Amino acid sequence: MAGGTVGGSFVLLVEGDPDHEARALASLRASGFANRIVVARDGIEALAFLSGENDHPKPVSPPAVVVLDPDLARIDGLEVLRRIRAEVRTSLIPVVMFAKSCTAEDIREAYRLGANSYVRKPVDAQEFERATALIARYWLGLNEAPDDTTRF
């Protein structure tokens with residue numbers, strides 16, 4: 001688990017590909033979000049962070065958004081999404097699927113399970129960084145979260 005904060009408004013980036021993680025972090029840092037990122041590298045780590053299990057400090061507040069790679073080790077992203085939505089205390093946290101695969105079935109299943117957005121990971125490095133920055137700007141700067149998510 002890597003990251004800057006467990007309090008305040010932050011992004012929980014759940015990314016299984018080290019290259020994608022590095023590019024996303026570089027983009028978020030360049031956009032001024034360096035101290036507002038927490039990284040989980042697989043599904044178990046993400047769920048442990050959200051619940052405060054396995055020696056992870058329990059977050060003071062929920063993330064403003066979970067940016068979730070569906071292709072994760074140990075527990076895949078769709079199962080992580082399913083578990084986030086199943087828990088009362090995490091059910092309202094916005095989740096953006098950030099995926100290499102964008103088949104109609106993948107997109108439909110993610111929305112059926114409660115994803116708030118589904119974004120294709122661009123292949124081009126600059127477009128990838130732009131997409132990452134736009135996701136953070138929207139969820140950290142424009143989106144209004146329901147009051148319930150502050151009772152984390």
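The first residue in the sequence is number 1, and the count goes up from there. On a predicted model such as this, the values are computed, not experimentally measured, just so you know. Computed from heavy atoms alone, side chains included, the values below leave out hydrogens, waters and symmetry copies.
The CD1 atom of Ile75 sits 4.5 Å away from the CD1 atom of Ile44 when rounded to the nearest 0.5 Å. The line from CZ of Phe33 to OG of Ser9 is 9.0 Å long, rounded to the nearest 0.5 Å. Glu127 contributes atom CD, which lies 11.0 Å from atom OG of Ser27 (distance to the nearest 0.5 angstrom). If you take CG on Asp124 and CD on Glu129, they are separated by 9.0 Å, rounding to the nearest 0.5 Å.
Contact record, Tyr111 with Ser117: OH-CA, 3.5 Å, taken as the closest heavy-atom pair. The nearest pair of heavy atoms linking Leu72 to Leu68 is CD1-CD1, 3.8 Å. Here the closest heavy-atom approach between residue Ala110 and residue Tyr118 is recorded as CB-CD1, 3.6 Å. Listed here is the closest heavy atom pair of Cys102 and Ala99: SG-O, 4.3 Å. Contact between Leu78 and Glu109 at its shortest, heavy atoms only, is CD1-CG, 3.9 Å.
Under 4.0 Å is where a charged nitrogen must lie from a carboxylate oxygen, and between Asp69 and Lys121 at least one such pair does. A salt bridge does not link Arg83 to Glu87: none of the charged nitrogens lies less than 4.0 Å from a carboxylate oxygen. By the 4.0 Å N-to-carboxylate-O rule, Glu15 lies too far from Arg41 to be salt-bridged with it.
Contact check for Asp76 versus Asp71: no side-chain heavy atoms found under the 4.5 Å cut-off. In this structure, the side chains of Met97 and Leu81 come closer than 4.5 Å at one or more pairs of heavy atoms. Within the 4.5 Å cutoff, side-chain heavy atoms of Val95 are placed close to those of Ile84. In this structure, the side chains of His20 and Lys100 come closer than 4.5 Å at one or more pairs of heavy atoms. Counting heavy atoms from C-beta outward, Val80 and Val14 have side chains that stay 4.5 Å or more apart. Using a 4.5 Å heavy-atom threshold, the side chains of Leu12 and Phe49 count as touching. Using a 4.5 Å cut-off on side-chain heavy atoms (C-beta onward), Pro63 and Leu50 make contact. Between Val65 and Ile93, every side-chain heavy-atom pair lies at or beyond the 4.5 Å cut-off.
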Checklist line | Audit row: Val39, Glu21, side chain to side chain contact (heavy atoms under 4.5 Å, CB included) steps and yes/no | finding: CA-CA 8 Å; Val39 177; Glu21 176 189 335; 3.7 Å; yes
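Ring-plane geometry between Phe128 and Phe98 is classed as tilted, the angle between the planes lying from 30 to 60 degrees on a 0 to 90 degree scale.
A donor-acceptor pair under 3.5 Å is absent between the side-chain atoms of Arg23 and the main chain of Gln126, judged by distance alone. A distance-only check finds no donor-acceptor pair linking the side chain of Arg29 to the backbone of Ala34 [under 3.5 Å]. Ser91 contributes a side-chain N or O that, together with a main-chain N or O of Val88, makes up a donor-acceptor pair within less than 3.5 Å. A donor-acceptor contact shorter than 3.5 Å is absent between the side chain of Thr132 and the backbone of Ala24.
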Kindly list each side-chain donor-acceptor pair under 3.5 angstrom involving residues 133-146, sequence neighbours excluded, with atom names and distances?
none

